[in-house]
Q: 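Shown below is the structure under consideration.
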Amino acid sequence: MTFATILFAHGARDPQWAEPFERIRERMLAARPGLDVRLAYLELMTPSLEDAVAACAAKGVTGIRLIPLFMAQGGHLKQDLPKKIAALQQRHPGVVIAVSPPIGEADAILDLIAAWALDESAR
């Protein structure tokens, strides 16, 4: 099985909005050279999730770990994403897509944000 990771973010009109997500991708690649890690966006930016999954499938990827770079599960993750995943699974039946919880539900992330906020509050 050939794997890829897709970092999935909302998207925005301002291209600078995506810079933190690009830095996350770059750090992942620096830590694990050769890792197939891509960015995809829900709206307003490219590539879309559909395009990223299609590119993975065209490359022969058979397993995708989708990591939502969202702080919480709002309507996009509760309603929109499951519909998109179902449609993608039908379009690419040879590709298994596993969805992680959003980053805002990871205790390690929350601990880092809290520590940063404490440092900032002490300045």
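Just so it is clear, the model here is predicted, and its values are computed rather than measured. Numbers here simply count residues along the sequence, with the first being 1.
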Q: When you check the gap from the basic side-chain N to the acidic O, do Arg23 and Glu26 get nearer than 4.0 Å?
A: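 A salt bridge is absent here (no side-chain N lies under 4.0 Å from a carboxylate O).
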Q: For Ala57 and His92, which heavy atoms make the closest approach, and how far apart are they?
A: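 Looks like CB-ND1, 3.6 Å.
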Q: Side chains of Leu81 and Val99: does their closest heavy-atom pair fall under 4.5 Å?
A: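 A side-chain contact exists here, since the closest heavy-atom pair is under 4.5 Å.
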Q: Do the side chains of Glu22 and Arg25 get nearer than 4.5 Å, heavy atoms only?
A: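 A side-chain contact is absent here, since even the closest heavy-atom pair is not under 4.5 Å.
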Q: Using a cut-off of 6.0 Å, state whether more than 12 heavy atoms not belonging to Glu19 lie near its atom CD.
A: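 Correct, the count exceeds 12.
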Q: Less than 6.0 angstrom separating the ring centers of Phe70 and Phe8, yes or no?
A: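 Yes; Phe8 has its ring centre under 6.0 Å from that of Phe70.
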Q: At their closest point, which heavy atom of Met45 faces which heavy atom of Ala12, and how far apart are they?
A: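 Heavy atoms of Met45 and Ala12 come nearest at CG-O, 3.1 Å.
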Q: Side chain to side chain contact (heavy atoms under 4.5 Å, CB included) between Glu50 and Arg91: does it pass, once the steps are laid out?
A: CA-CA 10 Å; Glu50 291 80 2; Arg91 203 170 305 140; 3.7 Å; yes
Q: Are the side chain of Arg65 and the backbone of Ile6 linked by a donor-acceptor contact shorter than 3.5 Å?
A: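 Not at all, since once roles are kept as given, no pair shorter than 3.5 Å links the two residues.
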Q: Spell out, yes or no, whether Met28 and Leu39 are grouped together once hydrophobic residues are joined by side-chain heavy atoms under 4.5 Å, including indirect joins.
A: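 Yes, one cluster joins them.
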Q: With heavy-atom distances below 4.5 Å as the criterion, would you say the side chains of Gln89 and Ile97 are in contact?
A: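 A side-chain contact under 4.5 Å exists here.
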Q: Counting only heavy atoms from other residues, nucleotides and ligands, does the tally under 6.0 Å from CD of Gln16 exceed 12?
A: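 No, because the 6.0 Å sphere around CD of Gln16 holds 12 heavy atoms or fewer from other groups.
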Q: How long is the gap from OG on Ser121 to CH2 on Trp116, to the nearest 0.5 Å?
A: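 Here the interatomic distance stands at 10.0 Å.
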Q: Have a look at Val95 and tell me which of Leu88, Ile64, Thr62 forms a side-chain contact (heavy atoms from CB on, under 4.5 Å) with it.
A: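 Looking at Leu88, Ile64, Thr62, the match for Val95 under the side-chain contact (heavy atoms from CB on, under 4.5 Å) is Ile64.
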Q: Between Leu42 and Leu49, is there a shared hydrophobic cluster once you connect ILVMFWY residues whose side-chain heavy atoms come closer than 4.5 Å?
A: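 Yes; Leu49 is reachable from Leu42 via cluster members.
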Q: Are Leu112 and Leu7 connected in a single hydrophobic cluster, I mean Ile/Leu/Val/Met/Phe/Trp/Tyr linked by side-chain heavy atoms less than 4.5 Å apart?
A: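 No, because Leu7 and Leu112 fall into different hydrophobic clusters, even though each may have its own neighbours under 4.5 Å.
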Q: Any chance you could measure Lys84, atom NZ, to His76, atom NE2, to the nearest 0.5 Å?
A: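 It is 10.0 Å, given to the nearest 0.5 Å.
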Q: Got Lys59 and Asp36 here, is their nearest side-chain heavy-atom distance under 4.5 Å?
A: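 Yes, their side chains come closer than 4.5 Å.
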Q: Can you see which heavy atom on Pro68 is nearest to which on Ser100, and at what distance?
A: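 In terms of heavy atoms, the two residues are closest at CD-O, 3.2 Å.
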Q: For a quick test of reading the model, state the closest non-hydrogen atom pair linking Phe21 to Leu69 and the distance between them.
A: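 Residues Phe21 and Leu69, closest heavy atoms: CD2-CD1, 3.3 Å.
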Q: Does one hydrophobic cluster hold both Tyr41 and Val53, with members joined at side-chain heavy-atom distances below 4.5 Å?
A: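 In one cluster: no.
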Q: Going by heavy atoms in the side chains, are Pro102 and Leu77 under 4.5 Å from each other?
A: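 Touching, per the 4.5 Å side-chain cut-off.
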Q: Tell me whether Glu105 contacts the main-chain N or O of Met71 through its side chain, where contact means a donor paired with an acceptor under 3.5 Å.
A: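 Absent.
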Q: What is the distance from atom CG of Leu66 to atom CD1 of Ile85, rounded to the nearest 0.5 Å?
A: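 Between Leu66 CG and Ile85 CD1, I get 5.0 Å after rounding to 0.5 Å.
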Q: Are Trp17 and Ile24 connected in the hydrophobic side-chain network, where two residues link if heavy atoms are under 4.5 Å apart?
A: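 Result: yes, single cluster for both.
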